[in-house]
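Here's the structure we're looking at; comments come further down.
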Amino acid sequence: MKAGSMIFSLLHVPGCRIQSLTNFWGETFNNFSNTCGNNSGIRRLSSRIYGLQGGNRKKWTRPITTNTEGNRSTTSKSIKHEIVNETILASSTVNVNKTQLAQFQEIEYCDLQQEIAQNKNLSSLVTVIVFDIETTGFSRENERIIEIALRDLQGGENSTFQTLVNPQCKVPNSHIHGITTQMVNKPGVPRMVDLIPILLKYVRTREKPGGYVLLVAHNARCFDVPFIINELRRYSMEIPPNWLFLDTLPLARELMKSGGTELSSTSLAALRDLYRIKVDGSAHRAMVDVDTLSLILPRLTFDLKLTLSGLVKKSFTESDITYSKKKKN
DNA sequence: AACCAGGCGCATGGTAGCGG
DNA sequence: CCGCTACCATGCGCCTGGTT
């Protein structure tokens, strides 16, 4: 089904009122501007608090910053069905016996119906989080994450998460991001194994009840997501089943292909220039790039006439990456 | 530097249309 | 029926560009 027709059909599904993404981003922008005050640029968040959601008095002893304003049983593959499709596909090429298939389809169908019945619109179901990582290099096998930043586009209290990560090795590419070995290899900077539970807990606090998380990054499919998957697997952990990923690089390609813009390339910098977004801080630091992408995403989706459901349709899961790898081998 | 997706050009195979 | 030509779909390899 073409994207255009899909959007049309979704908008006409009774009981499945899809907000236009522009409205969704509108709310986000309001929250965002309230958060940032009157400045047109995004102000770097300097205050440090230790703990999540205020209510929890347990103190963190790690340099993780947030701002101060304020197990599902279905497979990850089925998530997109539940959110995007008004009906579940009846045909399947999965090689299982017919009884199993029928049972599986029934479960998915029931889930979908429940989702639609229980959720008035997608924005009450999906949490959109823009994220970025800095690493010691390109190889996901040999290199390590040294900084991670996230921003929940709904805003509110603790809507950002940012921390350096101790890679327990040298940082050979400080000239790229300005993060040195001395900055990360010291007490107080969490190691990945310490950070993962905190990170997972943070994302959980941003989820809507029974909802899904759409994690957005530039070149997510080929860089950020494989890195995160590898780091988790290193400690025998998995991506939560309700996480979806969205890569803005193919969206940039789509925009460039459609013509009508002055987009010179599909890089984050080119998108930043196109939308005349000022960089507040040094580019190639995780939070700066997150803030940049947070401003690019609404404009990009507006230009591509995408709804939130359209974004979910373009999203992918951990298994999508694993599967495409296996297909190549 | 590693890895991946997309674009492009080229080769190949299947099919339809036409004339002898 | 056979041979030729044109067209289309598909697959492969190579190159480019994105990320730190």
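Values reported hereafter were calculated over all heavy atoms of this structure, with side chains retained and with hydrogens, waters and symmetry mates removed. Letters go in sequence order (proteins before strands), and every chain restarts at 1.
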[X] [atom1] - [N] [atom2] separation (whole Å):
X	N	atom1	atom2	value
Glu254(A)	dG18(C)	CD	P	17 Å
Asp247(A)	dG6(B)	CG	C1'	12 Å
Glu231(A)	dT20(C)	CD	C1'	13 Å
Leu249(A)	dG17(C)	CG	P	13 Å
His218(A)	dG17(C)	NE2	P	14 Å
Lys257(A)	dC8(B)	NZ	P	8 Å
Asn142(A)	dT20(C)	CG	P	19 Å
His175(A)	dT19(C)	NE2	C1'	14 Å

TODO: Check every strand shown and say whether Thr136(A) touches a base, only sugar-phosphate, or nothing at a heavy-atom separation below 4.0 Å.
DONE: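 No contact at all - Thr136(A) keeps every heavy atom at 4.0 Å or more from the nucleic acid.
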
Task: Nearest atoms (heavy-atom pairs only) where Glu238(A) meets Glu318(A) - done: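 Looks like OE1-OE2, 3.2 Å.
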
Open item on the list: Show the nearest heavy-atom pair for residues Pro190(A) and Thr163(A), with the distance to one decimal.
Closed with: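 Smallest interatomic distance, heavy atoms only, reads CG-OG1, 3.7 Å.
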
Between [options], which nucleotide gets closest to the side-chain atoms of [X]?
X	options	result
Asp132(A)	dT20(C), dA5(B), dG18(C)	dT20(C)
Asp289(A)	dT20(C), dG18(C), dC4(B)	dT20(C)
Ser139(A)	dA2(B), dG18(C), dT20(C)	dA2(B)
Arg253(A)	dG18(C), dT20(C), dG6(B)	dG6(B)
Thr135(A)	dT20(C), dG17(C), dA5(B)	dT20(C)

- [ ] Report yes if at least one side-chain N or O of His284(A) is closer than 4.0 Å to OP1 or OP2 of dT20(C); otherwise report no.
- [x]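 The answer is yes; a side-chain N or O of His284(A) sits under 4.0 Å from OP1 or OP2.
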
- [ ] Kindly say if Arg140(A) contacts the phosphate of dC4(B), meaning a side-chain N or O under 4.0 Å from OP1 or OP2.
- [x]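 For dC4(B), OP1/OP2 do have a side-chain N/O of Arg140(A) under 4.0 Å.
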
Task: Six-ring centre of Phe316(A), Arg221(A) cation under 6.0 angstrom, axis tolerance 45° - done: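 Arg221(A) over Phe316(A) ring: yes.
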
- [ ] Check the geometry between Phe138(A) and dT19(C) and answer yes if their rings are stacked (centres below 5.5 Å, planes below 30°), otherwise no.
- [x]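 Yes, aromatic ring over the base.
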
TODO: Salt-bridge test for Arg144(A) and Glu134(A): reply yes if a basic N is under 4.0 Å from a carboxylate O, no otherwise.
DONE: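 No salt bridge links Arg144(A) with Glu134(A).
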
Task: N-O pairing of Glu254(A) and Lys257(A) below 4.0 Å - done: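 Salt bridge: no.
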
Task: Residue pairs involving residues 258-277 of chain A (criterion salt bridge (charged side-chain N to carboxylate O under 4.0 Å, His left out); sequence neighbours excluded) - done: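 Residue pairs with at least one partner in residues 258-277 of chain A: there are none.
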
Open item on the list: Checking side-chain contact (heavy atoms from CB on, under 4.5 Å) between Leu214(A) and each of Val126(A), Leu153(A), Leu122(A), which is the one that passes?
Closed with: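 Per the side-chain contact (heavy atoms from CB on, under 4.5 Å) rule, the option paired with Leu214(A) is Val126(A), out of Val126(A), Leu153(A), Leu122(A).
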
Task: DNA chain C-proximal residues of residues 267-277 of chain A, any heavy atom under 4.0 Å - done: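 Under 4.0 Å from DNA chain C: Ser267(A), Leu268(A).
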
Task: Thr135(A) backbone acceptor or donor facing Asn173(A) side chain under 3.5 Å - done: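 Between the backbone of Thr135(A) and the side chain of Asn173(A) there is a qualifying donor-acceptor contact (under 3.5 Å).
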
Enumerate the protein-to-nucleotides 13-16 of chain C contacts in which both atoms are nitrogen or oxygen and the separation is below 3.5 Å.
none

TODO: Specify whether Phe138(A) and Phe223(A) have parallel, tilted or perpendicular ring planes, treating 30° as the upper limit for parallel and 60° as the lower limit for perpendicular.
DONE: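 Judged by the thresholds at 30° and 60°, the geometry between Phe138(A) and Phe223(A) is perpendicular.
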
- [ ] Apply side chain to side chain donor-acceptor pair (under 3.5 Å) to Gln168(A) and Asn185(A), showing your working.
- [x] CA-CA 6 Å; Gln168(A) 299 173 285; Asn185(A) 280 287; over 6 Å; no

